[in-house]
Structure formats: structure tokens, C-alpha cells
Amino acid sequence: MPHSVRVRFAPSPTGYLHIGGVRTALYNWIFARQHGGKVILRIEDTDLERSTDEAVGWILDGLQWMHLDYDEGPFRQTERFDLYNESIDRLLAAGKAYRCYCTPEELEVRRKEALLKGRPTKYDGKCRNLREGEREGPFTIRFRAPQTGQVLVDDMIRGTVIFDETQMDDLIVRRSDGSPTYNLTVVVDDALMGISHVIRGEDHLSNTPRQIQLYEALGFQVPRFAHMALILGPDREKLSKRHGAASVSEFRDMGYLWEALVNYLIRLGWSHEDQEIFTMEEILEKWSLDDQRKSPSVFDHDKLEWLNGQWMKLLPAEEIAERLLPFLKERGVIEEEPDRNWLAEVVVSLRERSLTLVEMAEKAEFYFRDLEYDQEAAEKFLTADAEPLLERARGLLASQDDFSQEALHGALRAFLEDEGIKLKILAQPLRVALTYRKDSPGLFEVMEVLGKESTLERIEKALEWIRNR
RNA sequence: GUCCCCUUCGUCUAGUCAGGCCCAGGACACCAGCCUUUCACGUUGGCGACACGGGUUCAAAUCCCGUAGGGGACGCCA
């Protein structure tokens, strides 16, 4: 049976793109790419109250930023109501579904009662065997769920999971307003779109037996399922907004690289030897759904940050420079486009000490404009004692033609040796003069990137400051 | 409450299917040393876990039984 692999990502556009959502998308995408299959994007917007076009935009942006493309779609379920209705009518005609006149209020009362008495909270079947015209009013359509056997879910991650049909509920498949509901639309779409593998979060595991019943009632072929363990917050509950950042856009805005996020996400529940850093190519080569752990994992910001720091050093400086640009603009550090080659030099000097693009943009600020001296740094290092030394260093630098860091290092070293002074003594005042801070990239690097003119200007300015203090 | 899933350092994980190589390995975080012009990076070392209780076995993190804990689902949401 050489059927092709077809997977789907099926978010509902009711809010931001959750980090768990992109992980699902990521797994599906990798699985498809590994098997030469297709990725279908389907927007599950049957909840007319909560779905918004804005949220659709966020989803599309998020996927694009994560470099997860798709082959078909996006399809919208609201444009496919005819298909769902046809299936519902088929169920009705076959006696596999029936009208239910129970109101939400009635159901709520009975549900609470069942909960109180410790009984399963499923529908009690009141309208299951109604005679024609026995009840009146608005009605929903319920699926007549088989009640006597078992449903086996053959899950690629969790093995075979058995559910008793006595536990199965008569699901509502059509609301009283005529719109179809989730469990029906998923089944119809997955079947009609030829989805071969359904890879989704574990929160859907208990829906799976109901969906299998529907597949069978409709005569559809049941796809393979894989339910991945959820991502938890520090309190071990499903990760959500109240745990802090939970949407892709937030991570993007915090200055994370998509490569790092992908890398982090793939290491949740999976590993390969002692390797921590994975490129997408390596992931495609090494990752397998079969190795996926069953237990949920807690989201660890510290580790993501560390990984991001690694990726900051791994990617070409020109690439980082490109991605740094919006953060520099956002901070108001630059208005015009800086020279790319020069920006790349800035990046090289900062990448060892920046975990995120935001941090890098902050640290880069002194390269672009004059700043106030860090108060503590100025008090400690821009002192009367330091003035003569700084003055002589300025003279030396002024006569220096080669401003490469190697040349600068050599020249300054020789000078200090003559004077019998340790580099340490000059370095800090000079650092504060050039960067306005007490911590910075290496001095000689800074001077090279800054260039002769700015370097001398800044030392001049610092000397003036000392004289005026 | 009912059903289902899960359980190795604080966290992510290796080892569990094929018991001995594991008085449990790696990574993040934390602490200390080294490197060093600052901050970092890097590097070396330290701290730190088989949820618990029974069994089976010469031998159990690994197999069996039980208990406890955590999570998810129970909607005219998806």
C-alpha cells in the first residue's frame, strides 16, 4: 500500500500562535519532509464567535518566521460547510445520528448532577430514541455512538490505547444554529484531504476514539495517529500566557533566532547522543517520531537563551547583522541603513557577549552615538590620576596609521612596556572613554571598529570631562 | 468524580523494549578554579536524580504487582 504521506497543521484562529502550536506544526512539517509528503494548512474557524482574521494573520506570520512552509491551503473550514452537511445528512439517513432537543441549560443541570454523583458526565441519551414529534423546538444533531465494544487507538508515540465504548458520548455534530462542530469537521476534512498521519498534542488523545467512531460510521479510512506530550509551565501545567511568553511573536520580539527556537523545541522529548545543537538539516536526518518521549516537558527559558547564544555565534555575522537591524531601529539607535560590512564587524565584536538580538542591540548602542558615561564607571576610572596616561595614549594613537586591532595591540603594548605600566591600568579608563561603560568588547576590537577619528574624539571628550569634574 | 496518559539530578535528557558495561552519562542553571584589558566566551572541577513499597533474579533504573504523585480530557470550544 504505497500511499503517500499527507499531514496537516490545523490551528484555530482564536488568538496568538502558541508555542505548543508551532511545535505541532514543526513535527508535522519535519515528518512530511522526511517522507516526501505534503503539508496541508487548514484553518479551523468554525467557532464564529472567537475566530478572527487578525489571528489568521498571526498564524501565517508565525509559520513563515519559523520557516515552516506548506504545500496546500490555507483552507478554511467556514468555506466547507457543504461537505460537513453532506456527511451529517448521511449519518442521519443511516440512523447513525439523531435530533436532540435538550437545551444547553438542561444539559448543564444534568452534567452537574452526574459530576456530583460521581457518574460519567456523558450525555444521558434522553433524545436517543424519540418518536416523531415527541419533542419540539430548536435541536442539535447528535452522533449515535456505539456503546458495546472497545475502540483501539494505535498511537505512534504511545502504543495502543484502549477506550471502552460505554464511556463514549453521543457527540453533537451540528449545533442548533446549523453549524458543524469540531469532532465532525476534523474527521470529514482529514478524510477528504487524504490525511495519512495526524500528529497533534496529547490534549487530543481522548477525542481520538470518538473520531475513530465517526470515521467508521462514515466509511472513511482511519489515519495513523501520534499524540505528542505537552509543553508545561514551571508549575507543571499546560504552558499558557500566564506563564509569561507563550507565543511565537513574543519570542521573535525578545530577540530569539528561529533556528534556536526550532533547535530548542526539537530537543523537548527527543535527543540524539549528547548533541545539543541541531541544524534543520541534521534534524531532518536524525529526528524520528519513534524516539519521541511520552512524558511532558517543562519549558526552560534559561536553556533556550543559552541555545540562542550558541546560534548567535554559529550564523554568519552578515546574517545576524541583517536580523539585528530591526532591533536597532526599534531602539532608536539608528535611523538610516548602516554599512552592512561595518555592521557585521559590530556583530563580530558583540556576539560573544549577547544572548539575544535585543541584548546585542543594547550593547551596540555606543558604536553609533555618544552616550552618557555610566556613572559608576566614570567615577572610578575617569580620574585625575588617569588623565596623564590617557593623554599620552591619545598621542600615541594619533600617530598610529594602521588601526587594525593587531597593530593597535602591538603599538600599545610596546608603549606600556616602555612606561613600565600594566595594560590593566590604562585599559579601564580607555574603555570608559570609548564605550561609556565599564564592560565592553575587547578594547582593540572596539578601536578598530570605531576607527581612528572616533577613537581620538572620544578620548578627547573624556579628557575634557576629567578636567571639568 | 469518570476515562486516558505520564513518573531518572531544580530543568531538558541518555540508559528501560533485548536485566549485569550504571554506587546512573550529557546539557542548562548554580557554585569554585583557570584563561583574561572589562564583560563575556572558553575550559576544569563541584553540587545534584532512578517517586514509594513489595516481589522475581546470582544480579533491577531496567521485568511483575501494588501505592502515591503529576498532567490531559470530560463544551451547542478547537
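Within every chain, numbering begins at 1; the chains are lettered A, B, ... in the order of the sequence lines, protein sequences first and strands thereafter. No experiment lies behind these values; they were computed from the predicted model shown.
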Counting side-chain heavy atoms from CB outward, which of [options] is closest to [X]?
{"X": "A:Lys313", "options": "B:C76, B:G42, B:U37", "result": "B:G42"}
{"X": "A:Lys238", "options": "B:G71, B:C12, B:A73", "result": "B:A73"}
{"X": "A:Val298", "options": "B:A27, B:U7, B:U11", "result": "B:U11"}
{"X": "A:Asp302", "options": "B:C6, B:G26, B:C28", "result": "B:C28"}
{"X": "A:Ser297", "options": "B:C12, B:G26, B:C77", "result": "B:C12"}
{"X": "A:Leu443", "options": "B:U37, B:C39, B:C12", "result": "B:U37"}
{"X": "A:Tyr182", "options": "B:A78, B:C77, B:C12", "result": "B:A78"}

Mind checking [X] for me? I need base, sugar-phosphate or nothing, with any heavy atom below 4.0 Å counting as a touch.
{"X": "A:Arg174", "answer": "nothing"}
{"X": "A:Gly442", "answer": "base"}
{"X": "A:Ser440", "answer": "base"}
{"X": "A:Thr103", "answer": "base"}
{"X": "A:Asp169", "answer": "nothing"}
{"X": "A:Lys363", "answer": "nothing"}
{"X": "A:Pro104", "answer": "base"}
{"X": "A:Pro441", "answer": "base"}
{"X": "A:His204", "answer": "base"}
{"X": "A:Glu44", "answer": "sugar-phosphate"}
{"X": "A:Ser176", "answer": "base"}
{"X": "A:Glu273", "answer": "nothing"}

query: Can A:Gln310 and A:Glu276 be counted as having a side-chain donor-acceptor contact under 3.5 angstrom?
result: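 Absent: no donor and acceptor within the cut-off.
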message: Testing the 3.5 Å rule here: is there a donor-acceptor pair between the side chains of A:Arg200 and A:His227?
response: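 Note: A:Arg200 and A:His227 side chains meet the donor-acceptor criterion.
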Please report the distance separating the [atom1] of [N] from the corresponding atom of [M], rounded so that it comes out in whole Å.
{"N": "B:C63", "M": "B:G70", "atom1": "C1'", "result": "24 Å"}
{"N": "B:G15", "M": "B:U36", "atom1": "P", "result": "40 Å"}
{"N": "B:A24", "M": "B:G10", "atom1": "P", "result": "15 Å"}
{"N": "B:C74", "M": "B:U11", "atom1": "C1'", "result": "31 Å"}
{"N": "B:A61", "M": "B:A49", "atom1": "C1'", "result": "10 Å"}
{"N": "B:G48", "M": "B:C31", "atom1": "C1'", "result": "12 Å"}
{"N": "B:G33", "M": "B:C41", "atom1": "P", "result": "16 Å"}
{"N": "B:A27", "M": "B:U43", "atom1": "C1'", "result": "16 Å"}

Starting at [atom1] of [X] and ending at [atom2] of [N], how long is that distance when rounded to a whole Å?
{"X": "A:Leu416", "N": "B:U37", "atom1": "CG", "atom2": "P", "value": "11 Å"}
{"X": "A:Leu230", "N": "B:G71", "atom1": "CG", "atom2": "P", "value": "12 Å"}
{"X": "A:Arg437", "N": "B:C39", "atom1": "CZ", "atom2": "P", "value": "15 Å"}
{"X": "A:Leu412", "N": "B:U37", "atom1": "CG", "atom2": "P", "value": "12 Å"}
{"X": "A:Arg236", "N": "B:A51", "atom1": "CZ", "atom2": "P", "value": "13 Å"}
{"X": "A:Arg431", "N": "B:U38", "atom1": "CZ", "atom2": "P", "value": "7 Å"}
{"X": "A:Leu265", "N": "B:U11", "atom1": "CG", "atom2": "P", "value": "19 Å"}
{"X": "A:Asp300", "N": "B:C28", "atom1": "CG", "atom2": "P", "value": "11 Å"}

For [N], the Watson-Crick or wobble partner whose two distances fall under 3.5 Å:
{"N": "B:C74", "result": "B:G1"}
{"N": "B:A18", "result": "none"}
{"N": "B:C50", "result": "none"}
{"N": "B:C34", "result": "B:G42"}
{"N": "B:U7", "result": "B:A68"}

query: Checking side-chain contact (heavy atoms from CB on, under 4.5 Å) against A:Thr121, which of A:Arg111, A:Glu113, A:Arg110, A:Lys112 comes through?
result: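 Exactly one pass, corresponding to A:Arg111.
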message: Side chains of A:Leu426 and A:Leu412, heavy atoms from C-beta outward: is any pair under 4.5 Å?
response: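 The answer is yes; the side chains approach within 4.5 Å.
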query: Using the ring of each side chain (for Trp, its six-membered ring), is A:His272 parallel, tilted or perpendicular to A:Phe278, with breaks at 30° and 60°?
result: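 Rings of A:His272 and A:Phe278: perpendicular, over 60°.
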message: In terms of relative ring orientation, are A:Phe299 and A:Phe251 parallel, tilted or perpendicular, with 30° and 60° separating the classes?
response: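 Tilted: the ring planes of A:Phe299 and A:Phe251 meet at 30° to 60°.
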field: Contact nearer the 5' end of RNA chain B, comparing A:Glu352 with A:Arg293
entry: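 The residue whose closest nucleotide sits nearer the 5' end is A:Arg293.
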task: Find which nucleotide of RNA chain B each of A:Leu268 and A:Arg353 is nearest to by heavy atoms, and output the residue with the more 5' nucleotide.
output: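 Closer to the 5' end of RNA chain B: A:Leu268.
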message: Using the rule given for salt bridge (charged side-chain N to carboxylate O under 4.0 Å, His left out), can you reason through A:Lys380 versus A:Glu376, listing the C-alpha separation, both sets of side-chain angles and the distance that settles it, and then say yes or no?
response: CA-CA 6 Å; A:Lys380 195 165 173 194; A:Glu376 201 191 317; 5.8 Å; no
query: Between the base of B:A78 and the side chain of A:Asp203, is there any donor-acceptor pair under 3.5 Å?
result: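 Result: no qualifying N/O pair found.
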[N], OP1 or OP2 - any side-chain N/O from [X] closer than 4.0 Å?
{"X": "A:Gln310", "N": "B:G42", "value": "yes"}
{"X": "A:Ser271", "N": "B:A27", "value": "no"}
{"X": "A:Arg111", "N": "B:C74", "value": "no"}

task: Could you grab the distance from atom OG1 of A:Thr279 to atom CG of A:Leu314, nearest 0.5 Å is fine?
output: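 A:Thr279 atom OG1 to A:Leu314 atom CG measures 9.0 Å (nearest 0.5 Å).
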message: Counting the benzene-type ring for Trp, do A:Tyr436 and A:Phe366 have ring centres under 6.0 Å apart?
response: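 Aromatic pair excluded; centres sit 6.0 Å or further apart.
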task: Please find out if less than 6.0 Å separates the ring center of A:Tyr256 from that of A:Tyr264.
output: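 A:Tyr256 vs A:Tyr264: aromatic centres not under 6.0 Å.
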Between the protein and nucleotides 1-5 of chain B, which nitrogen or oxygen pairs come in under 3.5 angstrom?
residue: B:G1; atom: O2'; partner: A:Gly118; partner atom: O; Å: 2.8
residue: B:U2; atom: O2'; partner: A:Gln167; partner atom: OE1; Å: 3.3
residue: B:C5; atom: O2'; partner: A:Arg158; partner atom: NE; Å: 3.2
residue: B:C5; atom: O2'; partner: A:Arg158; partner atom: NH2; Å: 2.6
residue: B:C5; atom: O2'; partner: A:Glu202; partner atom: OE2; Å: 3.3

- request: Give a yes or no answer on whether the side chain of A:Asp164 reaches the backbone of A:Thr166 with a donor-acceptor pair at less than 3.5 Å.
  value: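 No: the side chain of A:Asp164 does not pair with the backbone of A:Thr166.
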- prompt: With distance as the sole test, does A:Arg8 use its side chain to make a donor-acceptor pair with the main-chain N or O of A:Val39 at under 3.5 Å?
  reply: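 Side chain of A:Arg8 to backbone of A:Val39: no pair is present.
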